[in-house]
Protein chains: 2
Amino acid sequence: MPADQQHVHPSDHAPLELERFLPYRLSILSNTVSQGIADDYQARFDLSVTEWRVMAVLARFEGLSAREVAERTAMDKVAVSRALARLVEAGRVNRGTHEGDKRRSVLALSEAGWEVHDVVAPMARARERELLAKLDADEQAWLSRILDKLLGPPVPPRSGEQGTGNRERESAASA
Amino acid sequence: MPADQQHVHPSDHAPLELERFLPYRLSILSNTVSQGIADDYQARFDLSVTEWRVMAVLARFEGLSAREVAERTAMDKVAVSRALARLVEAGRVNRGTHEGDKRRSVLALSEAGWEVHDVVAPMARARERELLAKLDADEQAWLSRILDKLLGPPVPPRSGEQGTGNRERESAASA
DNA sequence: TGCAAATGGTTTCACATGTAACTATAACGC
DNA sequence: GCGTTATAGTTACATGTGAAACCATTTGCA
C-alpha cells in the first residue's frame, strides 16, 4: 500500500463505507420498520411508540408496576412514567396503588385499552409478517438465531479497557 | 358484543410478545449497538451520531452538497444542515459554494476533520468487529445476506395489493 | 424506635429531532 | 424579460427524550 500523506484522498484514510457498516444498516432497518408500524396507529389512535410498548406488556402481564414495565420494555423509567400519564389520562390504562407498598403502582389495561390493543396488535403482527415475507424459511430461522446471539450477553467484558464514558446499562432489557 | 364478561385474561386477546417481536428486537439491538459506538466518541470529541455520519460520507465523497449528504446518510436535510453547521463551526468541515449554482454548498473534511475521522473510523470498525465476533462465519454471512434482502426493495410491489401502510381495518374490537 | 439509605415515581431542565415556514437562487414557460 | 415554480438550505416552533433533581415511602440497621 502506497502510504503517502496526501490526505486529500480518501484512500489514505480508510473511510468507513456507511452502507456496509453493520450498525448503520441496523439503524436504517430498525427505523424504517418501526416507523412503518407506528404510521399505522399513531395518527389513528394518537398513540406513541412508547405508549404502545407499555400497552403491549400490560396486555401480557397485568398488575405490573411502572418499574417492571420499564424493565420489560427496555425503556427508561421517565419515558414509562410519561407514557403512563398519557395512557391513564386517555382512559386506556387503570392505575392503582399497591397494597403494602404505596410507592408502587398497579397497572392494567382498561376496557378501552383492550379495544385499542386488539386492533393494534394484529396490525403490528401483520407488519412483521410482511417484513418476514421478504425472507425464505431458512433466512427467517437464521435471523432469529442471530438476533438471539447478538442480543444475548450485553458485552463480553474485557479488562484493561479505558472507558471514559462507560455508563451503566439498563438492567434486564432482553433476558 | 362485549357483554361484561371478565376477560381480564390476556389469553382472550392474543397479546404481543414484545421480546419475540422482530421490530422490537431490531430496535433494541440497533439502539444498543449505536449507543455503544457513540459512547466511544461523543464525550471525547463532542461529536453526535448525525455529525459522525456526515463526516463518514464526506470522507468517502468529497465535494458533495448538503442534499447529497442527506441522501447518502438517509437523514433528513434539516438534520444534515444542523450537523453541518456544527461541523463547520468546529472547523471540521470546509464549506464552499458551488460555482454555477450558488444555492449548493460544496463540502469536504478539513484537516482537523480528517484527524477526527482517522481516530473515530477505526473505533467504529472495532466495535463492529466486536459485535460480529458474537457470530460464527456462517451466521455472519447469513446476516449480511438477510440485511441486504430486508433493506433492499422498500416494499415489494405486488399487483392488487396496496403497499403503503394504508391498511384499513374495521374498528370493531376483535374477539 | 429513629434515622440514613434505597426505591418507586414524577418533575425539571437542557437538548435533540421532525415538520412546516421561510430565504435565496435557479429553471421553466411565455 | 418577467412571473411562476422548483430546488438548496436555514430558521422557527412544537414535541420528544434523557439526566439529574426531586418527593414520598419503605427498608436497613444500630
Side-chain angles (χ1 to χ4, degrees), chain A residues 27-28 30-32 34-36 38-39 42-43 46-54 57-58 63-89 93-107 165-173, chain B residues 27-28 30-32 34-36 38-39 41-43 46-54 57-58 63-89 93-107:
Chain A
S27 170
I28 299 294
S30 169
N31 290 343
T32 304
S34 287
Q35 196 52 51
D39 286 348
Q42 277 189 333
D46 186 26
L47 188 68
S48 75
V49 175
T50 58
E51 288 166 49
W52 166 245
R53 285 188 182 170
V54 169
V57 306
L58 290 181
L64 292 189
S65 69
R67 193 191 60 85
E68 290 167 326
V69 170
E71 273 178 12
R72 292 203 170 267
T73 51
M75 306 180 346
D76 96 8
K77 64 176 184 171
V78 179
V80 170
S81 173
R82 280 191 274 240
L84 281 171
R86 284 206 66 203
L87 288 170
V88 170
E89 168 68 20
V93 166
N94 297 324
R95 169 157 52 187
T97 302
H98 188 98
E99 333 175 17
D101 188 344
K102 290 169 195 159
R103 293 171 306 180
R104 309 181 49 151
S105 47
V106 177
L107 304 162
N166 205 356
R167 332 181 295 105
E168 32 195 285
R169 315 187 173 274
E170 306 106 323
S171 52
Chain B
S27 169
I28 299 294
S30 169
N31 289 344
T32 304
S34 287
Q35 196 51 51
D39 285 348
Y41 59 77
Q42 277 190 334
D46 186 27
L47 189 68
S48 75
V49 174
T50 57
E51 287 165 49
W52 165 244
R53 286 189 182 169
V54 169
V57 304
L58 289 181
L64 292 189
S65 70
R67 193 189 59 85
E68 290 166 326
V69 169
E71 274 175 11
R72 293 205 170 265
T73 51
M75 305 180 349
D76 93 14
K77 64 176 185 172
V78 178
V80 170
S81 172
R82 280 191 274 241
L84 281 171
R86 286 207 63 203
L87 288 169
V88 171
E89 168 67 20
V93 166
N94 296 325
R95 169 157 51 186
T97 301
H98 188 96
E99 330 175 18
D101 187 345
K102 290 169 195 162
R103 294 172 305 180
R104 307 182 49 153
S105 49
V106 177
L107 304 161

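Below, chain A is the first sequence line, B the second, and so on; all start at residue 1. Remember, predicted model here, so these are calculated numbers, not experimental data.
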Between [N] atom [atom2] and [X] atom [atom1], what is the distance in whole Å?
| X | N | atom1 | atom2 | result |
| --- | --- | --- | --- | --- |
| A:Arg67 | D:dT25 | CZ | P | 19 Å |
| A:Asp76 | C:dG8 | CG | P | 14 Å |
| B:Arg53 | C:dA16 | CZ | C1' | 14 Å |
| A:Gln42 | D:dT15 | CD | P | 14 Å |
| B:Gln35 | D:dT17 | CD | P | 14 Å |
| A:Met75 | D:dG18 | CE | P | 8 Å |
| A:Leu47 | D:dG16 | CG | C1' | 15 Å |

What's the separation between atom [atom1] in [X] and atom [atom2] in [Y], rounded to the nearest 0.5 Å?
| X | Y | atom1 | atom2 | result |
| --- | --- | --- | --- | --- |
| A:Leu84 | A:Ser65 | CG | OG | 10.0 Å |
| A:Thr73 | A:Glu71 | OG1 | CD | 9.0 Å |
| A:Asn94 | A:Ser105 | CG | OG | 12.0 Å |
| A:Glu51 | A:Arg82 | CD | CZ | 11.5 Å |

For nucleotides 25-28 of chain C, list the nitrogen or oxygen atoms of the protein found under 3.5 Å from its nitrogen or oxygen atoms, one pair per line.
from, atom 1, to, atom 2, distance (Å)
C:dT25, O2, B:Arg103, NH1, 3.3
C:dA26, OP1, B:Lys102, N, 2.8

Detail all sub-3.5 Å separations between protein N/O atoms and N/O atoms belonging to nucleotides 10-13 of chain C.
from, atom 1, to, atom 2, distance (Å)
C:dT10, OP1, A:Arg95, NH1, 2.5
C:dT10, OP2, A:Ser81, OG, 2.7
C:dT10, O5', A:Ser81, OG, 3.3

When you measure from the side-chain N and O atoms of [X] to the phosphate of [N], is any distance below 4.0 Å, counting only OP1 and OP2?
| X | N | value |
| --- | --- | --- |
| A:Arg104 | C:dG8 | no |
| B:Ser105 | D:dG9 | yes |
| B:Thr50 | C:dA16 | no |

Tell me yes or no: between the side chains of A:Arg53 and B:Ser27, is some donor less than 3.5 Å from an acceptor? yes

side-chain hydrogen bond (donor to acceptor under 3.5 Å, both in side chains) involving B:Arg72 - partner list, sequence neighbours excluded: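 Not a single residue meets the side-chain hydrogen bond (donor to acceptor under 3.5 Å, both in side chains) criterion with B:Arg72.
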
Does the side chain of A:Gln42 reach to within under 4.5 Å of the side chain of A:Gln35, using non-hydrogen atoms?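 Heavy-atom side-chain distance check passes, below 4.5 Å.
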
From CA spacing to verdict: side-chain contact (heavy atoms from CB on, under 4.5 Å), B:Trp52, B:Leu87: CA-CA 9 Å; B:Trp52 165 244; B:Leu87 288 169; over 6 Å; no

List the steps and the verdict of side-chain contact (heavy atoms from CB on, under 4.5 Å) for A:Leu107 and A:Glu68. CA-CA 10 Å; A:Leu107 304 162; A:Glu68 290 167 326; over 6 Å; no

